[in-house]
Amino acid sequence: MEAASCEVIILGAGITGCALGLVLARQGVSTVIVERAPHPRFALGESLLKPTVLWMRVLAERYGAEELAAIANLNRIHDEIGPSSGVKKSFGFVRHAAGSARTEAQWWANIAVNYAEDVLEAHLYRQDIDAWLCARAVEAGCTLLTAEIRGEEAVADDGVCLATSAGRVHGRYLVDCVGHGATLPRVAALGTAPLRTDSRVIFTHLTGVRPFDDCAAAPPPALPWHHGTLHHILDGAWMWVIPFGNHPRSRNRLVSVGVNFDNRVHPPGDASPGEEWSALLARYPALAAQFGKAAPVRPWMSSRGARTVPAGVVGERVCLLGAPAGNVDALYSRGLLNTFQSLHLLAGCLLEARAAGDFSTARFAPVARLQHSLVQVHDHLVHGSYGGFRSAALTDWWLAAWSLVEQLSLAQVVPSLAALERDDAGAWAAAQEALAAGACIAGEETVLPVLTAACDVMDDYTAGALGEGAALARLNDAAAPLASLGFDLARFRELTRAHAFGPTARRLLSVEHALSAAIESLDRHAGLPMTLRASAFVNGLVRLLALRHARAERVELTAPELGQALSATVTRVALPGTDQALLDRLAAGITALSLVRESCDPEAPPPPAPADWTVVTALHDAGRHVSLRVRADGDGRRGELELDTRAAGERLLLRLAGDVPPPAFFAGLR
């Protein structure tokens, strides 16, 4: 019996398959998603990156897949999906020595969130995210077929026909998001290619995990370790710690934990995943302090890993997407980034092929080039880092290289998003041309040869042919071409140590995040037709206040010092294309600024606005109050603006005086 007929068959109803199905359905493409197990279910790929978030926004904007924009914003996840996902405010790395209850005085905190980046990354509780997205894909028009795949049947019209436990499914094109090489001849025919990375992983979800900040095992960073994705660097291994309950709105106490082993140091043996976990805690007292009372809520699982990836990801009427296209290692959380960047390009190729009635392999060559380069960059980063983690100095170098790659990944996606938001066809075409050429990051032609050479250095180092000093010298020589792209090892060390720890850094980030949260609340609150976060002026103002407050409890600035400081800060953080003359005029028009931070009664209602003030907007929810109000002088040319936010027993009051926009200005601002 014919189970279904469609244009595109998608294998897998996880986040990858459902995101693609949603995008295609919104464009009128008939799609069948074949999945053997119903939701909800466990899935890895839980820590978002800034470029991943932005690719989701590109897909949402380009294809009307607003649900992806919801997943790209933690507040919307809590509003629209559920209170089970956490927040990722940083990437933290702590290096351990066996037998020590303290770290080796070697730690790195990469502060991943600041106001300018306009990104609130999430720790995704995937079973809720995937189930929600699957339902939205079905609502959009996808057909969900719960069935086992039994094989592939030949068809005369060059389409694709699958035999499943629920009958046959016929389509014009197949996208494999789960990996069925042993079952489907057209996938198996793609062959395999070697990876440099040779690793395996054990993983589960735990309850009863102590925040690492409470274990007294490492210096406290500016942002708590528990507020981000924490990496424990061990001998020949590394561990991820991803808490889901580290946000005030989350009700999920589980923590995702996984250990990735370098098979050169820890070859697979007969021990079970649970036994390997227990052995680690016995060897590292600092880990025992964090996990000694933790218990798994699901059995420990393991993946032996593979030293190969598909030699090609595009074949006759088939494309691999996501993990099947090349699952390297969880280090640096690039899996979902690779997926959504490739999905963006694949969706465009599918729609063009459908319009032309031509699904030939050549049409999808750009997707093959892109996914190949994504896997290469990730493979080199991971392989080199495993060797580098044996030394603090070499760890510095590889984390600096990874940080540069992240910035170049952002540089690759930002032009596409900006072009869509500005409806700039020329800028959009230029951005897509680079992507279709196979470049996965800006400057790839410079970066990839350096990473290749750096991995060769690490192979010599791990084989004992080079000492630490000689290896670092060769790495620095190899990195010379990266200077033009912003690689600066000394600056990275300064940022991840001096600027990531200590009371000054904590105060700066605390104010920046508090103001950022207040402004984001205003932006998403119904009735305020403007986007403050997109304003370079507001961006610069928040950064200036945070910098000043890091040095003093109370900020009081008046002209002319204020205008000069604000103009300089705005210039440094202004978004591309912003009207600098307007920003300079606004900065020059502010005559006084004050920021007061004080304790307040969390139960007391905020006082009503004085009669001569106009409330632009105000919101109250879950013990939080945010309001924006304006008072104009009699001549209507000068006045005051006040942002008042109260949460968790603390009040932040910001006031501006001078040429403050009148209430009518806010009504028309976009």
Side-chain angles (χ1 to χ4, degrees), residues 49-50 86-95 102-121 211-233 241 243 246-248 392 395-396 399-400 402-404 406-407 410 486 488-520 539-555 557 565-566 568-569 572-573 595-599 645 647-648 650 652 654:
L49 300 174
K50 288 181 286 296
V87 66
K88 196 204 86 178
K89 292 185 176 179
S90 69
F91 259 141
F93 296 84
V94 179
R95 191 164 180 268
R102 293 278 297 177
T103 67
E104 298 179 22
Q106 295 160 357
W107 51 84
W108 298 263
N110 181 40
I111 304 305
V113 170
N114 64 51
Y115 186 83
E117 289 161 339
D118 187 25
V119 173
L120 184 60
E121 300 156 73
F212 192 60
D213 309 271
D214 298 342
C215 298
L223 286 174
W225 299 110
H226 192 64
H227 285 187
T229 301
L230 175 60
H231 302 72
H232 292 301
I233 300 175
V241 184
N246 63 350
H247 188 277
T395 298
D396 266 346
L399 292 183
W402 157 71
S403 182
L404 174 66
E406 287 304 291
Q407 293 305 311
L410 279 170
D488 187 335
L489 183 57
R491 177 62 173 163
F492 176 80
R493 286 172 171 157
E494 180 184 11
L495 288 173
T496 56
R497 286 179 174 77
H499 292 281
F501 295 88
T504 299
R506 280 193 288 277
R507 288 174 59 182
L508 186 153
L509 288 168
S510 175
V511 170
E512 188 170 273
H513 290 176
L515 288 171
S516 173
I519 290 169
E520 184 163 357
N539 189 335
L541 180 63
V542 169
R543 179 57 53 84
L544 174 64
L545 290 167
L547 289 170
R548 294 303 176 103
H549 192 273
R551 304 185 186 100
E553 285 295 332
R554 186 183 183 102
V555 177
L557 288 171
L566 188 54
T569 305
R572 288 197 300 270
V573 300
L595 177 70
V596 178
R597 195 174 188 181
E598 60 189 8
S599 299
T645 178
E650 184 174 82
L652 213 61
L654 167 67

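Because only heavy atoms are used, hydrogens play no part in the values below, and waters and symmetry mates are left out as well, while side chains stay in.
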With [X] via side chain to side chain donor-acceptor pair (under 3.5 Å) - residues at least two apart:
X	value
Glu650	Arg597
Arg506	none
Arg102	none
Asn246	none

Can you give me the closest heavy-atom contact between [X] and [Y], atom names plus distance?
X	Y	value
Ala505	Ala500	CB-C, 4.4 Å
Arg95	Ala392	CZ-N, 3.8 Å
Val596	Glu598	CG1-OE1, 3.9 Å
Val511	Ala546	CG1-CA, 4.0 Å

Practice task
Look at the aromatic rings of Trp107 and Phe501 and report parallel, tilted or perpendicular, splitting at 30° and 60°.
Solution key: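 Rings of Trp107 and Phe501: perpendicular, over 60°.
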Can you tell if the side chain of [X] reaches within under 4.5 Å of the side chain of [Y], non-hydrogen atoms only?
X	Y	answer
Thr496	Leu399	no
Leu49	Lys88	yes
Pro243	Leu230	no

Residues in side-chain contact (heavy atoms from CB on, under 4.5 Å) contact with [X], at least two apart in sequence or another chain:
X	result
His227	Lys89, Pro224
Ala400	Phe487, Leu489, Phe492
Arg507	His549, Glu553

In Å and rounded to the nearest 0.5 Å, what is the [atom1] to [atom2] distance from [X] to [Y]?
X	Y	atom1	atom2	result
Phe91	Trp225	CZ	CH2	13.0 Å
Leu595	Leu545	CG	CG	5.5 Å
Ser90	Glu121	OG	CD	9.5 Å

Problem - Set of residues satisfying ring-ring contact (aromatic ring centres under 6.0 Å, His included) with respect to His247, sequence neighbours excluded - result: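 Testing His247 for ring-ring contact (aromatic ring centres under 6.0 Å, His included), a comparison that skips the adjacent residues, returns His78.
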Handout entry: Sole candidate of Val94, Thr395, Thr103 that passes side-chain contact (heavy atoms from CB on, under 4.5 Å) when paired with Ile233
Key =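 Exactly one pass, corresponding to Thr395.
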Exercise for the section: Name all residues meeting the salt bridge (charged side-chain N to carboxylate O under 4.0 Å, His left out) criterion together with Asp396; count only those two or more places apart in sequence or in a different chain, and write none if there are none. Expected result: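 In terms of salt bridge (charged side-chain N to carboxylate O under 4.0 Å, His left out), with neighbours along the sequence ignored, Asp396 is linked to Arg493, Arg497.
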